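For reference, the structure discussed in these notes is given below.
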Amino acid sequence: MYNILLFAKRELRVFVDTPVGYVVLAVFPATMAALFFLAGSFFAESEATLRNFFTWMPIAMALLVPALTMRMWSEEIREGTEELLLTWPIRLRELVLGKFLGALSLLFLTLLATAMIPMTVAYLGDVDGGVVLAGYCGTFLLGAVCASLGLLLSSLTRNQIVAWLSSAAILIALNLLGLAATARSIPPSLAHALETLDLGLHFYSMSRGVIDAADLLFFLGLTLFFLVCNGLVLERRLRR
Amino acid sequence: MMSPDSSVLAVKVQGLKKSYGSIAALQGVDFEAPVGAVTAFLGPNGAGKTTAIRILTGSLLPDAGSVHLFGADALRSGQDLKKRVGYLPENNPLWPEMTVEETLAFAWSAQGRVGHKMSAVERVVVSVGLEPVFRRRIQECSKGFRQRVGLAQALIHDPELVILDEPTNGLDPLQVIQIRELVRELGRQKTVLLTTHVLPEVEALADRVVLLHEGKKVVEGTLAEVTSVKAGQQQFKVTVNGSEEDLKSMLATAGVTRLESGFPSSSAQASAVVLADGGQEIFEAAVKHDLVLLELAPRSGTLESLFYGLTQAEGLHV
(Lines give C-alpha, C1' and ligand atoms only; values in the text may rest on other atoms or scores of the structure.)
Protein backbone atom coordinates (compact mmCIF):
# COMPACT_ATOMS: atom_id res chain seq x y z
CA MET A 1 0.00 0.00 0.00
CA TYR A 2 2.92 2.28 0.79
CA ASN A 3 4.23 2.14 -2.80
CA ILE A 4 0.73 2.56 -4.25
CA LEU A 5 0.24 5.75 -2.26
CA LEU A 6 3.75 6.93 -3.16
CA PHE A 7 3.01 6.73 -6.89
CA ALA A 8 -0.51 8.12 -6.52
CA LYS A 9 0.93 11.09 -4.65
CA ARG A 10 3.50 11.64 -7.37
CA GLU A 11 0.81 11.74 -10.08
CA LEU A 12 -1.23 14.18 -8.04
CA ARG A 13 1.84 16.33 -7.49
CA VAL A 14 2.66 16.45 -11.21
CA PHE A 15 -0.96 17.48 -11.92
CA VAL A 16 -1.10 20.34 -9.43
CA ASP A 17 2.48 21.40 -10.24
CA THR A 18 1.77 22.10 -13.89
CA PRO A 19 -0.44 24.75 -15.53
CA VAL A 20 -2.29 21.95 -17.37
CA GLY A 21 -3.77 20.83 -14.06
CA TYR A 22 -5.24 24.25 -13.34
CA VAL A 23 -6.49 24.62 -16.90
CA VAL A 24 -8.34 21.29 -16.56
CA LEU A 25 -9.73 22.31 -13.16
CA ALA A 26 -11.01 25.59 -14.64
CA VAL A 27 -12.05 24.57 -18.15
CA PHE A 28 -13.91 21.34 -17.37
CA PRO A 29 -16.41 22.78 -14.84
CA ALA A 30 -16.87 25.88 -17.00
CA THR A 31 -17.62 23.75 -20.07
CA MET A 32 -20.02 21.54 -18.13
CA ALA A 33 -21.78 24.59 -16.72
CA ALA A 34 -22.07 26.13 -20.18
CA LEU A 35 -23.47 22.90 -21.63
CA PHE A 36 -25.94 22.49 -18.79
CA PHE A 37 -27.18 26.03 -18.28
CA LEU A 38 -26.80 27.53 -21.74
CA ALA A 39 -26.82 24.76 -24.35
CA GLY A 40 -29.41 22.67 -22.49
CA SER A 41 -33.01 23.45 -21.63
CA PHE A 42 -32.54 23.97 -17.89
CA PHE A 43 -34.18 27.39 -17.66
CA ALA A 44 -36.98 26.46 -20.11
CA GLU A 45 -37.96 23.41 -18.05
CA SER A 46 -38.32 25.37 -14.81
CA GLU A 47 -37.34 22.24 -12.90
CA ALA A 48 -34.47 21.89 -10.41
CA THR A 49 -32.98 18.72 -11.85
CA LEU A 50 -29.48 17.75 -12.95
CA ARG A 51 -30.68 15.13 -15.42
CA ASN A 52 -29.22 16.98 -18.43
CA PHE A 53 -25.98 17.63 -16.56
CA PHE A 54 -25.39 13.90 -16.16
CA THR A 55 -26.53 13.22 -19.73
CA TRP A 56 -23.34 14.92 -20.92
CA MET A 57 -21.12 12.92 -18.58
CA PRO A 58 -20.36 9.78 -20.67
CA ILE A 59 -18.96 11.88 -23.52
CA ALA A 60 -17.30 14.32 -21.10
CA MET A 61 -15.56 11.46 -19.28
CA ALA A 62 -14.52 9.89 -22.59
CA LEU A 63 -12.72 13.12 -23.52
CA LEU A 64 -11.51 14.32 -20.12
CA VAL A 65 -10.18 11.22 -18.38
CA PRO A 66 -7.86 10.06 -21.20
CA ALA A 67 -6.43 13.60 -21.11
CA LEU A 68 -5.63 13.05 -17.42
CA THR A 69 -4.04 9.64 -17.98
CA MET A 70 -2.38 10.06 -21.39
CA ARG A 71 1.01 11.08 -20.00
CA MET A 72 1.12 8.69 -17.06
CA TRP A 73 2.86 5.79 -18.86
CA SER A 74 3.71 7.41 -22.19
CA GLU A 75 5.98 9.92 -20.54
CA GLU A 76 7.70 7.24 -18.46
CA ILE A 77 8.40 5.32 -21.68
CA ARG A 78 9.57 8.44 -23.57
CA GLU A 79 11.84 9.68 -20.76
CA GLY A 80 13.17 6.17 -20.06
CA THR A 81 12.11 6.38 -16.40
CA GLU A 82 10.01 3.25 -16.88
CA GLU A 83 13.27 1.26 -16.91
CA LEU A 84 14.32 2.86 -13.64
CA LEU A 85 10.95 2.04 -12.03
CA LEU A 86 11.27 -1.60 -13.06
CA THR A 87 14.66 -1.85 -11.33
CA TRP A 88 13.33 -0.47 -8.04
CA PRO A 89 11.91 -2.85 -5.43
CA ILE A 90 8.31 -2.25 -6.49
CA ARG A 91 5.85 -4.85 -7.76
CA LEU A 92 4.24 -4.28 -11.14
CA ARG A 93 0.77 -4.31 -9.58
CA GLU A 94 1.86 -1.58 -7.15
CA LEU A 95 2.99 0.56 -10.09
CA VAL A 96 -0.28 0.00 -11.95
CA LEU A 97 -2.47 0.60 -8.90
CA GLY A 98 -0.40 3.65 -7.89
CA LYS A 99 -0.93 5.26 -11.28
CA PHE A 100 -4.61 4.28 -11.21
CA LEU A 101 -5.15 5.74 -7.74
CA GLY A 102 -3.37 8.88 -8.92
CA ALA A 103 -5.75 9.09 -11.90
CA LEU A 104 -8.76 8.58 -9.61
CA SER A 105 -7.52 11.39 -7.36
CA LEU A 106 -7.32 13.75 -10.34
CA LEU A 107 -10.79 12.65 -11.42
CA PHE A 108 -12.12 13.31 -7.92
CA LEU A 109 -10.61 16.81 -7.89
CA THR A 110 -12.05 17.58 -11.31
CA LEU A 111 -15.52 16.34 -10.35
CA LEU A 112 -15.27 18.29 -7.11
CA ALA A 113 -14.69 21.40 -9.18
CA THR A 114 -18.09 20.85 -10.86
CA ALA A 115 -19.85 20.96 -7.46
CA MET A 116 -20.79 24.57 -8.13
CA ILE A 117 -23.31 23.34 -10.72
CA PRO A 118 -25.53 21.27 -8.34
CA MET A 119 -25.02 23.97 -5.72
CA THR A 120 -26.36 26.58 -8.14
CA VAL A 121 -29.32 24.37 -8.99
CA ALA A 122 -29.96 23.75 -5.30
CA TYR A 123 -29.96 27.51 -4.78
CA LEU A 124 -32.58 27.92 -7.51
CA GLY A 125 -34.91 25.14 -6.37
CA ASP A 126 -35.34 21.85 -4.50
CA VAL A 127 -32.86 19.25 -5.68
CA ASP A 128 -33.06 15.56 -4.80
CA GLY A 129 -29.69 15.12 -3.05
CA GLY A 130 -29.84 11.33 -3.35
CA VAL A 131 -30.17 11.48 -7.12
CA VAL A 132 -27.27 13.93 -7.36
CA LEU A 133 -25.10 11.73 -5.15
CA ALA A 134 -25.99 8.61 -7.17
CA GLY A 135 -25.21 10.54 -10.36
CA TYR A 136 -21.79 11.54 -9.05
CA CYS A 137 -21.12 7.95 -7.88
CA GLY A 138 -22.02 6.73 -11.37
CA THR A 139 -19.79 9.38 -12.93
CA PHE A 140 -16.92 8.35 -10.68
CA LEU A 141 -17.34 4.68 -11.57
CA LEU A 142 -17.59 5.56 -15.26
CA GLY A 143 -14.48 7.70 -14.83
CA ALA A 144 -12.67 4.75 -13.22
CA VAL A 145 -13.34 2.64 -16.34
CA CYS A 146 -12.10 5.52 -18.52
CA ALA A 147 -8.96 5.91 -16.32
CA SER A 148 -8.08 2.22 -16.45
CA LEU A 149 -8.50 2.13 -20.23
CA GLY A 150 -6.59 5.42 -20.59
CA LEU A 151 -3.71 4.01 -18.54
CA LEU A 152 -3.67 0.80 -20.57
CA LEU A 153 -3.41 2.66 -23.86
CA SER A 154 -0.86 5.08 -22.40
CA SER A 155 1.30 2.07 -21.52
CA LEU A 156 1.28 1.01 -25.18
CA THR A 157 2.74 4.17 -26.70
CA ARG A 158 5.33 6.85 -26.03
CA ASN A 159 3.12 9.41 -27.77
CA GLN A 160 0.63 11.10 -25.43
CA ILE A 161 -1.61 12.34 -28.24
CA VAL A 162 -1.91 8.82 -29.65
CA ALA A 163 -2.79 7.60 -26.13
CA TRP A 164 -5.48 10.27 -25.73
CA LEU A 165 -7.00 9.89 -29.19
CA SER A 166 -7.14 6.09 -29.07
CA SER A 167 -8.60 6.03 -25.55
CA ALA A 168 -11.20 8.69 -26.34
CA ALA A 169 -12.18 6.92 -29.59
CA ILE A 170 -12.65 3.56 -27.84
CA LEU A 171 -14.62 5.12 -24.98
CA ILE A 172 -16.89 6.99 -27.37
CA ALA A 173 -17.41 3.76 -29.29
CA LEU A 174 -18.26 1.97 -26.01
CA ASN A 175 -20.89 4.65 -25.41
CA LEU A 176 -22.44 4.12 -28.81
CA LEU A 177 -22.80 0.34 -28.64
CA GLY A 178 -26.42 0.62 -27.48
CA LEU A 179 -27.19 2.84 -30.45
CA ALA A 180 -25.60 0.32 -32.81
CA ALA A 181 -27.75 -2.39 -31.22
CA THR A 182 -30.89 -0.64 -32.47
CA ALA A 183 -29.93 -1.23 -36.11
CA ARG A 184 -32.39 -3.57 -37.81
CA SER A 185 -29.71 -5.77 -39.38
CA ILE A 186 -28.25 -6.72 -35.97
CA PRO A 187 -29.37 -10.16 -34.68
CA PRO A 188 -31.12 -9.97 -31.27
CA SER A 189 -28.38 -11.90 -29.42
CA LEU A 190 -25.69 -9.54 -30.70
CA ALA A 191 -27.88 -6.53 -29.97
CA HIS A 192 -28.24 -7.73 -26.38
CA ALA A 193 -24.47 -8.21 -26.07
CA LEU A 194 -23.86 -4.71 -27.42
CA GLU A 195 -26.34 -3.19 -24.99
CA THR A 196 -24.72 -5.07 -22.12
CA LEU A 197 -21.35 -3.55 -22.99
CA ASP A 198 -22.65 -0.01 -23.52
CA LEU A 199 -21.11 2.27 -20.90
CA GLY A 200 -23.78 4.94 -21.31
CA LEU A 201 -26.67 2.55 -20.67
CA HIS A 202 -25.13 1.34 -17.40
CA PHE A 203 -24.52 4.92 -16.38
CA TYR A 204 -28.01 6.07 -17.37
CA SER A 205 -29.84 4.36 -14.50
CA MET A 206 -27.30 5.60 -11.94
CA SER A 207 -27.65 9.14 -13.23
CA ARG A 208 -31.34 8.87 -12.36
CA GLY A 209 -30.65 7.77 -8.84
CA VAL A 210 -30.95 3.98 -9.31
CA ILE A 211 -27.93 2.08 -8.06
CA ASP A 212 -28.10 -1.44 -9.46
CA ALA A 213 -25.62 -4.16 -8.42
CA ALA A 214 -25.32 -5.26 -12.07
CA ASP A 215 -24.18 -1.77 -13.09
CA LEU A 216 -21.72 -1.63 -10.19
CA LEU A 217 -20.28 -5.02 -11.10
CA PHE A 218 -20.07 -4.03 -14.75
CA PHE A 219 -18.05 -0.88 -14.01
CA LEU A 220 -15.81 -2.57 -11.43
CA GLY A 221 -15.25 -5.65 -13.62
CA LEU A 222 -14.34 -3.60 -16.68
CA THR A 223 -11.97 -1.45 -14.60
CA LEU A 224 -10.27 -4.53 -13.18
CA PHE A 225 -9.98 -6.05 -16.66
CA PHE A 226 -8.17 -2.99 -18.05
CA LEU A 227 -5.88 -2.79 -15.00
CA VAL A 228 -4.90 -6.45 -15.36
CA CYS A 229 -4.18 -5.82 -19.05
CA ASN A 230 -2.01 -2.87 -18.04
CA GLY A 231 0.00 -5.15 -15.72
CA LEU A 232 0.36 -7.71 -18.52
CA VAL A 233 1.70 -5.03 -20.85
CA LEU A 234 4.39 -4.14 -18.30
CA GLU A 235 5.23 -7.79 -17.74
CA ARG A 236 5.51 -8.34 -21.47
CA ARG A 237 7.91 -5.40 -21.65
CA LEU A 238 10.20 -7.22 -19.20
CA ARG A 239 10.33 -10.06 -21.77
CA ARG A 240 10.61 -7.87 -24.89
CA MET B 1 39.79 1.01 -4.27
CA MET B 2 38.19 -1.28 -1.71
CA SER B 3 40.21 -4.46 -1.50
CA PRO B 4 38.47 -7.05 -3.69
CA ASP B 5 37.47 -10.34 -2.11
CA SER B 6 37.37 -12.78 -5.00
CA SER B 7 35.97 -15.55 -2.81
CA VAL B 8 32.67 -13.69 -2.42
CA LEU B 9 30.82 -12.83 -5.60
CA ALA B 10 28.53 -9.85 -5.88
CA VAL B 11 27.52 -10.95 -9.38
CA LYS B 12 27.66 -14.38 -10.99
CA VAL B 13 26.15 -14.76 -14.43
CA GLN B 14 26.00 -18.05 -16.30
CA GLY B 15 24.89 -18.88 -19.84
CA LEU B 16 22.99 -15.64 -20.30
CA LYS B 17 21.09 -15.52 -23.59
CA LYS B 18 18.81 -12.83 -24.94
CA SER B 19 17.49 -12.21 -28.44
CA TYR B 20 15.45 -9.35 -29.86
CA GLY B 21 13.61 -11.07 -32.69
CA SER B 22 16.28 -12.49 -34.96
CA ILE B 23 19.08 -10.47 -33.35
CA ALA B 24 21.03 -12.37 -30.70
CA ALA B 25 22.11 -9.70 -28.20
CA LEU B 26 23.67 -12.17 -25.75
CA GLN B 27 24.85 -15.61 -26.79
CA GLY B 28 25.59 -17.51 -23.58
CA VAL B 29 27.58 -15.01 -21.55
CA ASP B 30 29.27 -15.97 -18.23
CA PHE B 31 31.02 -13.53 -15.96
CA GLU B 32 31.64 -12.67 -12.34
CA ALA B 33 32.13 -9.54 -10.26
CA PRO B 34 33.76 -10.06 -6.84
CA VAL B 35 32.63 -8.11 -3.81
CA GLY B 36 34.69 -4.97 -3.31
CA ALA B 37 36.04 -4.76 -6.85
CA VAL B 38 35.36 -2.30 -9.64
CA THR B 39 34.51 -4.49 -12.61
CA ALA B 40 34.39 -2.84 -16.02
CA PHE B 41 32.04 -4.27 -18.56
CA LEU B 42 33.74 -3.32 -21.79
CA GLY B 43 32.77 -3.62 -25.41
CA PRO B 44 31.96 -1.69 -28.55
CA ASN B 45 28.46 -0.32 -29.13
CA GLY B 46 26.06 -3.19 -29.72
CA ALA B 47 28.20 -5.71 -27.85
CA GLY B 48 25.35 -6.56 -25.46
CA LYS B 49 26.54 -4.63 -22.39
CA THR B 50 23.31 -2.75 -21.75
CA THR B 51 21.19 -5.85 -22.35
CA ALA B 52 23.23 -7.74 -19.75
CA ILE B 53 22.96 -4.85 -17.29
CA ARG B 54 19.19 -4.60 -17.78
CA ILE B 55 18.86 -8.29 -16.99
CA LEU B 56 21.04 -7.88 -13.90
CA THR B 57 18.95 -4.98 -12.62
CA GLY B 58 15.60 -6.64 -13.28
CA SER B 59 14.19 -4.47 -16.07
CA LEU B 60 14.55 -7.26 -18.61
CA LEU B 61 14.19 -11.04 -18.43
CA PRO B 62 16.66 -13.32 -20.24
CA ASP B 63 15.72 -16.10 -22.66
CA ALA B 64 18.08 -18.45 -20.81
CA GLY B 65 20.78 -18.45 -18.16
CA SER B 66 21.08 -17.55 -14.50
CA VAL B 67 21.93 -14.40 -12.56
CA HIS B 68 23.03 -14.55 -8.93
CA LEU B 69 23.55 -11.42 -6.86
CA PHE B 70 25.27 -12.00 -3.52
CA GLY B 71 24.52 -15.71 -3.94
CA ALA B 72 20.76 -15.26 -4.39
CA ASP B 73 18.95 -16.03 -7.63
CA ALA B 74 18.09 -12.58 -8.97
CA LEU B 75 15.54 -13.91 -11.46
CA ARG B 76 13.48 -15.60 -8.75
CA SER B 77 14.16 -13.53 -5.64
CA GLY B 78 11.63 -11.04 -4.42
CA GLN B 79 12.05 -7.31 -4.23
CA ASP B 80 14.48 -7.38 -1.29
CA LEU B 81 17.47 -8.21 -3.50
CA LYS B 82 16.81 -5.09 -5.56
CA LYS B 83 17.31 -2.99 -2.43
CA ARG B 84 20.97 -4.07 -2.38
CA VAL B 85 21.56 -2.66 -5.86
CA GLY B 86 21.86 0.93 -7.04
CA TYR B 87 21.56 1.56 -10.77
CA LEU B 88 22.36 4.46 -13.06
CA PRO B 89 20.90 3.53 -16.47
CA GLU B 90 22.38 4.61 -19.78
CA ASN B 91 21.01 8.08 -20.75
CA ASN B 92 20.20 8.70 -17.07
CA PRO B 93 16.39 8.90 -17.12
CA LEU B 94 14.92 11.39 -14.62
CA TRP B 95 11.64 13.23 -14.14
CA PRO B 96 12.30 16.71 -15.58
CA GLU B 97 9.52 18.45 -13.61
CA MET B 98 10.80 17.29 -10.21
CA THR B 99 13.40 19.15 -8.19
CA VAL B 100 16.66 17.46 -7.22
CA GLU B 101 15.41 17.24 -3.64
CA GLU B 102 12.09 15.69 -4.70
CA THR B 103 13.81 13.22 -7.02
CA LEU B 104 16.08 11.94 -4.29
CA ALA B 105 13.32 11.85 -1.67
CA PHE B 106 11.12 9.94 -4.13
CA ALA B 107 13.92 7.46 -4.92
CA TRP B 108 14.52 6.96 -1.19
CA SER B 109 10.83 6.19 -0.56
CA ALA B 110 10.56 3.96 -3.65
CA GLN B 111 13.50 1.92 -2.34
CA GLY B 112 11.23 0.98 0.55
CA ARG B 113 13.11 3.05 3.11
CA VAL B 114 11.27 4.81 5.89
CA GLY B 115 12.48 7.48 8.30
CA HIS B 116 15.62 9.62 8.15
CA LYS B 117 14.69 10.58 4.59
CA MET B 118 16.16 14.06 4.73
CA SER B 119 19.38 12.96 6.39
CA ALA B 120 19.85 10.34 3.63
CA VAL B 121 19.14 12.96 0.98
CA GLU B 122 21.57 15.42 2.58
CA ARG B 123 24.27 12.74 2.86
CA VAL B 124 24.09 11.80 -0.80
CA VAL B 125 23.78 15.43 -1.94
CA VAL B 126 27.03 16.26 -0.16
CA SER B 127 28.80 13.12 -1.37
CA VAL B 128 28.11 13.80 -5.06
CA GLY B 129 28.27 17.60 -4.87
CA LEU B 130 24.67 18.58 -5.60
CA GLU B 131 24.38 21.45 -3.10
CA PRO B 132 24.28 24.22 -5.77
CA VAL B 133 21.21 22.71 -7.49
CA PHE B 134 19.46 21.10 -4.52
CA ARG B 135 16.17 22.99 -4.99
CA ARG B 136 16.38 23.30 -8.76
CA ARG B 137 14.14 21.35 -11.15
CA ILE B 138 15.91 18.60 -13.12
CA GLN B 139 15.05 20.31 -16.43
CA GLU B 140 16.95 23.40 -15.24
CA CYS B 141 20.13 21.46 -14.34
CA SER B 142 23.14 21.12 -16.64
CA LYS B 143 23.93 17.69 -18.07
CA GLY B 144 26.78 17.29 -15.59
CA PHE B 145 24.51 17.97 -12.62
CA ARG B 146 21.82 15.70 -14.05
CA GLN B 147 24.39 12.93 -14.21
CA ARG B 148 25.22 13.58 -10.56
CA VAL B 149 21.50 13.38 -9.71
CA GLY B 150 21.35 10.03 -11.50
CA LEU B 151 24.32 8.85 -9.50
CA ALA B 152 22.77 10.18 -6.30
CA GLN B 153 19.47 8.32 -6.90
CA ALA B 154 21.53 5.15 -7.42
CA LEU B 155 23.27 5.71 -4.08
CA ILE B 156 20.44 7.14 -1.96
CA HIS B 157 19.65 3.82 -0.26
CA ASP B 158 23.32 3.00 0.39
CA PRO B 159 23.40 -0.12 -1.85
CA GLU B 160 26.16 -2.72 -1.68
CA LEU B 161 26.39 -3.09 -5.46
CA VAL B 162 26.36 -0.05 -7.75
CA ILE B 163 25.78 -0.61 -11.46
CA LEU B 164 26.63 2.29 -13.74
CA ASP B 165 25.79 2.07 -17.44
CA GLU B 166 28.08 4.41 -19.38
CA PRO B 167 28.24 7.02 -16.60
CA THR B 168 30.31 9.54 -18.57
CA ASN B 169 28.41 9.21 -21.84
CA GLY B 170 27.79 12.60 -23.50
CA LEU B 171 29.57 14.69 -20.87
CA ASP B 172 32.18 17.35 -21.61
CA PRO B 173 35.81 16.60 -20.65
CA LEU B 174 35.62 18.46 -17.33
CA GLN B 175 32.40 16.69 -16.36
CA VAL B 176 33.96 13.37 -17.38
CA ILE B 177 36.85 13.98 -14.99
CA GLN B 178 34.45 14.93 -12.17
CA ILE B 179 32.22 11.88 -12.64
CA ARG B 180 35.25 9.60 -12.88
CA GLU B 181 36.51 11.01 -9.61
CA LEU B 182 33.14 10.25 -8.01
CA VAL B 183 33.19 6.69 -9.36
CA ARG B 184 36.76 6.23 -8.13
CA GLU B 185 35.66 7.36 -4.66
CA LEU B 186 32.69 5.01 -4.89
CA GLY B 187 35.00 2.11 -5.72
CA ARG B 188 36.74 2.58 -2.38
CA GLN B 189 33.52 1.81 -0.51
CA LYS B 190 31.33 -0.41 -2.68
CA THR B 191 31.26 -3.10 -5.34
CA VAL B 192 30.94 -1.35 -8.68
CA LEU B 193 29.98 -2.75 -12.06
CA LEU B 194 30.64 -0.23 -14.77
CA THR B 195 29.86 -0.47 -18.47
CA THR B 196 31.78 1.63 -20.91
CA HIS B 197 33.47 1.68 -24.27
CA VAL B 198 35.89 4.39 -23.13
CA LEU B 199 39.17 2.60 -22.56
CA PRO B 200 40.99 5.22 -20.43
CA GLU B 201 38.00 5.02 -18.07
CA VAL B 202 38.59 1.32 -17.56
CA GLU B 203 42.32 1.80 -17.03
CA ALA B 204 41.66 4.62 -14.57
CA LEU B 205 38.92 2.96 -12.53
CA ALA B 206 38.70 -0.80 -12.86
CA ASP B 207 40.23 -3.76 -11.04
CA ARG B 208 38.75 -6.27 -13.44
CA VAL B 209 37.59 -6.28 -17.04
CA VAL B 210 34.95 -8.30 -18.84
CA LEU B 211 35.16 -7.72 -22.58
CA LEU B 212 32.04 -8.41 -24.63
CA HIS B 213 31.83 -8.49 -28.39
CA GLU B 214 28.80 -9.37 -30.52
CA GLY B 215 26.99 -10.85 -27.54
CA LYS B 216 29.85 -13.10 -26.46
CA LYS B 217 32.43 -12.76 -23.72
CA VAL B 218 35.83 -12.42 -25.31
CA VAL B 219 38.02 -12.11 -22.25
CA GLU B 220 37.67 -11.69 -18.48
CA GLY B 221 40.22 -11.06 -15.75
CA THR B 222 42.18 -8.43 -13.92
CA LEU B 223 43.48 -5.53 -15.92
CA ALA B 224 47.02 -6.94 -15.75
CA GLU B 225 45.87 -10.37 -16.90
CA VAL B 226 43.86 -9.27 -19.89
CA THR B 227 46.41 -6.81 -21.22
CA SER B 228 49.28 -9.27 -21.17
CA VAL B 229 47.86 -12.57 -22.33
CA LYS B 230 45.03 -13.81 -24.47
CA ALA B 231 44.69 -17.57 -24.76
CA GLY B 232 48.43 -18.15 -24.71
CA GLN B 233 49.17 -15.42 -27.22
CA GLN B 234 51.59 -12.59 -26.75
CA GLN B 235 52.06 -9.16 -28.24
CA PHE B 236 55.14 -8.45 -30.34
CA LYS B 237 56.46 -5.32 -31.92
CA VAL B 238 57.69 -6.17 -35.43
CA THR B 239 59.88 -3.91 -37.57
CA VAL B 240 61.13 -4.85 -41.05
CA ASN B 241 63.19 -3.19 -43.74
CA GLY B 242 60.37 -2.73 -46.20
CA SER B 243 57.18 -0.88 -46.94
CA GLU B 244 53.86 -1.07 -45.07
CA GLU B 245 52.58 -3.31 -47.87
CA ASP B 246 55.60 -5.66 -47.54
CA LEU B 247 54.94 -5.89 -43.79
CA LYS B 248 51.21 -6.59 -44.24
CA SER B 249 51.94 -9.28 -46.77
CA MET B 250 54.53 -10.89 -44.50
CA LEU B 251 52.19 -10.82 -41.47
CA ALA B 252 49.43 -12.38 -43.57
CA THR B 253 51.75 -15.26 -44.35
CA ALA B 254 52.57 -15.58 -40.65
CA GLY B 255 48.82 -15.66 -39.92
CA VAL B 256 48.94 -13.26 -36.96
CA THR B 257 46.53 -10.58 -35.78
CA ARG B 258 47.69 -7.02 -36.29
CA LEU B 259 46.82 -4.79 -33.30
CA GLU B 260 48.50 -1.48 -34.11
CA SER B 261 50.33 -0.15 -37.11
CA GLY B 262 50.54 3.52 -36.32
CA PHE B 263 54.24 3.61 -35.74
CA PRO B 264 56.38 6.02 -37.76
CA SER B 265 57.51 4.24 -40.86
CA SER B 266 59.70 5.36 -43.71
CA SER B 267 59.96 3.89 -47.15
CA ALA B 268 62.79 1.78 -45.74
CA GLN B 269 61.13 0.54 -42.54
CA ALA B 270 57.65 -0.44 -41.34
CA SER B 271 56.42 -1.48 -37.90
CA ALA B 272 53.37 -3.07 -36.36
CA VAL B 273 52.24 -4.59 -33.08
CA VAL B 274 50.81 -8.07 -33.50
CA LEU B 275 49.22 -10.76 -31.39
CA ALA B 276 50.95 -14.10 -32.04
CA ASP B 277 51.54 -17.50 -30.43
CA GLY B 278 55.29 -16.96 -30.60
CA GLY B 279 57.98 -15.23 -32.66
CA GLN B 280 58.83 -18.24 -34.82
CA GLU B 281 56.08 -17.88 -37.42
CA ILE B 282 56.94 -14.21 -37.89
CA PHE B 283 60.61 -14.99 -38.30
CA GLU B 284 59.88 -17.72 -40.87
CA ALA B 285 57.48 -15.46 -42.80
CA ALA B 286 60.10 -12.68 -42.91
CA VAL B 287 62.59 -15.13 -44.43
CA LYS B 288 60.00 -16.30 -46.95
CA HIS B 289 59.28 -12.68 -48.01
CA ASP B 290 62.99 -11.85 -48.12
CA LEU B 291 62.61 -9.12 -45.49
CA VAL B 292 65.16 -8.28 -42.85
CA LEU B 293 63.60 -8.45 -39.40
CA LEU B 294 64.99 -5.38 -37.63
CA GLU B 295 62.94 -5.88 -34.47
CA LEU B 296 60.86 -8.72 -32.98
CA ALA B 297 60.25 -7.68 -29.38
CA PRO B 298 57.71 -9.10 -26.89
CA ARG B 299 55.60 -6.30 -25.53
CA SER B 300 53.19 -5.87 -22.63
CA GLY B 301 49.95 -4.76 -24.25
CA THR B 302 47.70 -1.84 -23.57
CA LEU B 303 44.00 -2.26 -23.06
CA GLU B 304 43.44 -0.27 -26.20
CA SER B 305 45.48 -2.63 -28.34
CA LEU B 306 43.77 -5.63 -26.77
CA PHE B 307 40.32 -4.14 -27.32
CA TYR B 308 41.18 -3.28 -30.88
CA GLY B 309 42.66 -6.69 -31.54
CA LEU B 310 39.93 -8.76 -29.95
CA THR B 311 36.97 -6.88 -31.31
CA GLN B 312 38.38 -6.24 -34.79
CA ALA B 313 40.37 -9.45 -35.10
CA GLU B 314 38.48 -10.84 -38.06
CA GLY B 315 38.71 -7.70 -40.11
CA LEU B 316 42.37 -7.12 -39.39
CA HIS B 317 43.66 -10.62 -39.55
CA VAL B 318 46.39 -9.74 -42.06
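Chain letters run A, B, ... following the sequence lines, proteins first and then strands; every chain starts at 1. A quick note: this is a predicted structure, and the numbers were derived from the prediction, not measured.
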TODO: Just say parallel, tilted or perpendicular for the rings of B:F41 and B:F31, cut-offs at 30° and 60°.
DONE: tilted

Open item on the list: Can you confirm if the aromatic rings of B:F106 and A:F7 lie within a centre distance of less than 6.0 Å?
Closed with: yes

TODO: Select one option (side chain, backbone, both, neither) describing which atoms of B:P62 are under 4.5 Å from chain A's heavy atoms.
DONE: neither

- [ ] Select one option (side chain, backbone, both, neither) describing which atoms of B:L94 are under 4.5 Å from chain A's heavy atoms.
- [x] backbone

- [ ] Let me know if B:R84 has heavy atoms under 4.5 Å from chain A in its side chain, its backbone, both or neither.
- [x] neither

Open item on the list: I need the A:T223 OG1 to A:L141 CG distance, nearest 0.5 Å.
Closed with: 7.5 Å

Task: Under 4.5 Å from any heavy atom of chain A - which part of B:E102 - done: side chain

- [ ] Go through B:G112, B:G86, B:A107 and name the one with the most non-hydrogen pairs under 4.5 angstrom from chain A.
- [x] B:A107

Task: B:K49 and B:E166 ion-paired at < 4.0 Å - done: yes

TODO: Please state whether the side chain, the backbone, both or neither of B:Y20 comes within less than 4.5 Å of a heavy atom of chain A.
DONE: side chain

Task: Option from A:K99, A:R158, A:R237, A:R71 for which salt bridge (Lys or Arg N to Asp or Glu O under 4.0 Å) with A:E76 holds - done: A:K99

Open item on the list: Out of B:K83, B:E90, B:R54, return the one with the most heavy atom pairs under 4.5 angstrom to chain A.
Closed with: B:R54

Task: Distance in Å, A:I170 CD1 paired with A:L153 CG, rounded so as to fall on 0.5 Å steps - done: 4.5 Å

